[in-house]
Amino acid sequence: MSDTASFFGDLLGTIAERGRALLDLGRERRPAGAIKAASLVALCERLLSGRGEASGVALAQEILLAYGALKSGERIAFFEALAGTFGPDMARLDKATAAYAAKPSAATASELHQASEPRRQELIRRLNLAPGATARLVGMRADLLASLPRRRDLAEVDRDFTHLFASWFNRGFLVLRRIDWSTPANVLEKIIRYEAVHEIRDWNDLRARVDSPDRRCYAFFHPTLVDEPLIFVEVALMKDIPEAIAPVLAEKRAHLDPARASVAVFYSISNTQIGLGGVSFGNFLIKQVVEEISRELPNLKTFVTLSPVPTFRAWLEAERASPASAVLTDEDRAALAALDAPGLAEDTARQAALRPVLSALAAHYFLIARSPKGRPLDPVARFHLGNGARLERIDPFGDLSAKGLKQAAGLMVNYRYLLDDIEANHEAFFDKAQIVASPAVRKLLRAESQQKALAVREAAG
């Protein structure tokens with residue numbers, strides 16, 4: 001894959017160099033940083049109006065280089081221009097709308113569809129002609145995403161990026177590769193850097209995760225992003241479903257013969273590209289890894305995660321801060337005070353006292369609590385439940401690291417992928433907003449919460 005991508009990259013680079021000789025931009029050559037947002041918009045208009053492929057490649061490369069030299073305020077000005085100047089051609093759209101209204105047909109419908117497309121989509125496509133453009137455009141969208149919380153007027157531009165990226169990063173273009181100790185060092189270094197769930201401390205820690213006989217790591221790659229993993233998953237082969245992360249990550253543990261393993265545990269899934277946020281391929285990764293690892297090890301019967309709960313502590317603290325909380329009892333409030341004192345990670349007596357309280361509240365959090373849009377509060381839950389997994393088990397104090405205690409009061413959970421039930425679970429989640437959970441999890445609900453859960457299920461049909 002790398003050799004092929006390198007060949008086409010070199011070819012595009014040659015075209016771009018020759019194209020520069022054809023460009024008569026009517027100005028002296030200036031450093032890219034001297035081309036500000038307004039000049040960049042003019043170059044974009046020229047790129048859209050041009051027809052020559054060589055000059056188009058060169059111009060696209062120049063635009064991307066110039067964008068890279070802009071300061072943050074200038075980049076926002078450029079995004080404003082994309083929103084305001086590169087929307088649909090309204091004159092063409094009005095004409096196409098009138099033509100379709102007068103004579104509906106496949107031809108007039110096609111013209112209406114094309115006329116309604118924002119010009120910036122074609123601009124982004126043409127920018128992608130330049131050598132290495134895909135990675136630069138992913139970086140451009142990362143800049144755009146960073147500005148969206150305070151500039152919602154740029155959301156239309158983001159929708160166009162998302163629309164195009166969903167096609168460019170279609171599952172059919174992605175390549176699954178196993179990561180092991182023979183993987184090139186530059187890729188291994190990125191695995192260390194991008195690990196977002198459980199920090200990889202050093203190269204020895206990495207080797208324990210990818211080179212041990214009972215560990216696996218797989219990643220998706222795209223042909224245009226050479227040696228750049230898009231998302232990767234770390235897998236532990238075990239005899240039983242784990243309830244804590246420390247034994248899974250321990251470097252000096254006893255290794256299990258893979259032939260004796262019956263459980264595959266997905267204990268870390270990391271997206272690596274901020275600019276590809278919202279472009280989902282994690283579900284494909286898990287399903288393909290299940291297929292891949294099942295062929296290698298047919299003795300594996302159970303496929304589960306050991307997942308963090310990154311928003312549980314914030315929800316819990318909000319309930320504690322609310323005098324009118326309908327979730328917490330007075331007994332809960334008294335017990336939860338034990339979370340505030342230092343040394344909880346080492347205090348097994350406090351953990352034992354908190355365990356039943358946290359289990360019941362966690363069951364409520366997953367099965368009852370909802371966002372204003374009616375979705376589960378936890379992003380990891382939305383991911384796995386949307387993929388068709390079921391909530392299998394709640395693990396109080398599964399992660400006693402400082403991060404685990406801060407984000408989730410130490411809580412972890414197992415989601416289970418039952419291959420025969422994945423599609424039905426997926427449809428139940430999206431069509432009826434149902435949370436598919438094991439009987440063991442549902443038994444943790446208190447009586448009042450069980451009544452609420454029943455009402456939710458009945459309302460969903």
Side-chain angles (χ1 to χ4, degrees), residues 12 19 37-64 66-67 75-130 132-145 147-148 151-174 222-225 273 275-281:
L12 284 174
S39 300
L40 205 53
V41 170
L43 290 179
C44 289
E45 289 284 8
R46 184 159 187 169
L47 178 61
L48 278 176
S49 63
R51 291 293 180 267
E53 184 171 348
S55 60
V57 170
L59 192 52
Q61 185 176 43
E62 183 159 356
I63 290 169
L64 291 173
Y67 171 83
R75 292 182 179 185
I76 291 177
F78 175 68
F79 293 141
E80 290 173 342
L82 290 183
T85 306
F86 292 92
D89 182 333
M90 298 309 296
R92 181 186 177 188
L93 181 57
D94 289 342
K95 183 178 178 181
T97 302
Y100 180 79
K103 186 179 180 180
S105 67
T108 55
S110 176
E111 171 59 17
L112 179 59
H113 173 73
Q114 293 179 46
S116 65
E117 179 181 277
R119 297 169 64 234
R120 56 184 164 263
Q121 287 193 21
E122 180 60 21
L123 173 63
I124 295 169
R125 291 190 193 100
R126 296 195 182 197
L127 288 174
N128 199 40
L129 293 171
T134 304
R136 290 178 178 272
L137 289 170
V138 170
M140 185 184 291
R141 185 177 179 242
D143 296 337
L144 176 60
L145 288 173
S147 69
L148 283 185
R151 293 299 306 269
R152 297 307 304 171
D153 55 313
L154 301 178
E156 291 183 6
V157 180
D158 183 57
R159 280 194 289 271
D160 290 324
F161 271 103
T162 304
H163 171 73
L164 293 172
F165 284 177
S167 298
W168 297 354
F169 292 90
N170 180 281
R171 171 63 192 92
F173 296 120
L174 303 182
H222 191 276
T224 62
L225 275 67
Q273 307 297 316
L276 291 177
V279 181
S280 177
F281 25 67

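Between Leu123 and Leu82, some side-chain heavy-atom pair lies under the 4.5 Å cut-off. The side-chain heavy atoms of Glu117 and Gln114, taken from C-beta on, include no pair separated by under 4.5 Å. With contacts defined as side-chain heavy-atom distances shorter than 4.5 Å, the pair Leu64/Met140 qualifies. Side-chain atoms of Leu112 and Leu93, non-hydrogen and from C-beta on, do get closer than 4.5 Å to each other. Looking at Asp143 and Phe78, their side chains never come closer than 4.5 Å, going by heavy atoms from C-beta outward. For the pair Tyr67 and Leu127, the minimum side-chain heavy-atom distance is 4.5 Å or more. Counting heavy atoms from C-beta on, the side chains of Phe165 and Leu137 come closer than 4.5 Å. Between Leu154 and Asp158 the shortest side-chain heavy-atom distance does not fall below 4.5 Å.
Closest approach of Val57 and Ala130 over heavy atoms only: O-CB, 4.1 Å. Minimum heavy-atom separation, Pro88 to Ala115: CB-O, 3.8 Å. Nearest approach of Pro104 to Ala101, heavy atoms of both residues: CD-O, 4.1 Å.
A salt bridge does not link Lys95 to Glu111: none of the charged nitrogens lies less than 4.0 Å from a carboxylate oxygen. Ion pairing between a basic and an acidic side chain is recognised when a charged N comes within 4.0 Å of a carboxylate O; Glu62 and Arg46 show no such pairing.
Arg141 contributes atom CZ, which lies 10.5 Å from atom CZ of Phe79 (distance to the nearest 0.5 angstrom). Taking CH2 from Trp168 and NE2 from His163, the interatomic distance works out to 10.0 Å, rounded to the nearest 0.5 Å. How far CG of Leu164 is from CG of Asn128: 9.0 Å, rounded to the nearest 0.5 Å. Atom CG of Leu144 sits about 10.0 Å away from atom CG of Asp160, to the nearest 0.5 Å. A distance of 11.5 Å separates CZ in Arg120 from CG in Leu48, rounded to the nearest 0.5 Å.
Of the possible polar contacts, one joining the Arg126 side chain to the Leu47 backbone as a donor-acceptor pair under 3.5 Å is found. Judged by distance alone, the side chain of Thr108 and the main-chain N or O of Lys103 form a donor-acceptor pair under 3.5 Å.
Between Thr85 and Arg119, the side chains place no donor N or O within less than 3.5 Å of an acceptor N or O (distance only, hydrogens not considered).
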Quiz item: Hey, mind stepping through Phe169 and Val138 against side chain to side chain contact (heavy atoms under 4.5 Å, CB included) and telling me if it holds?
Solution: CA-CA 11 Å; Phe169 292 90; Val138 170; 4.1 Å; yes

Quiz item: Does the side chain to side chain contact (heavy atoms under 4.5 Å, CB included) test come out yes or no for Gln121 and Phe86, once each step is laid out?
Solution: CA-CA 9 Å; Gln121 287 193 21; Phe86 292 92; over 6 Å; no

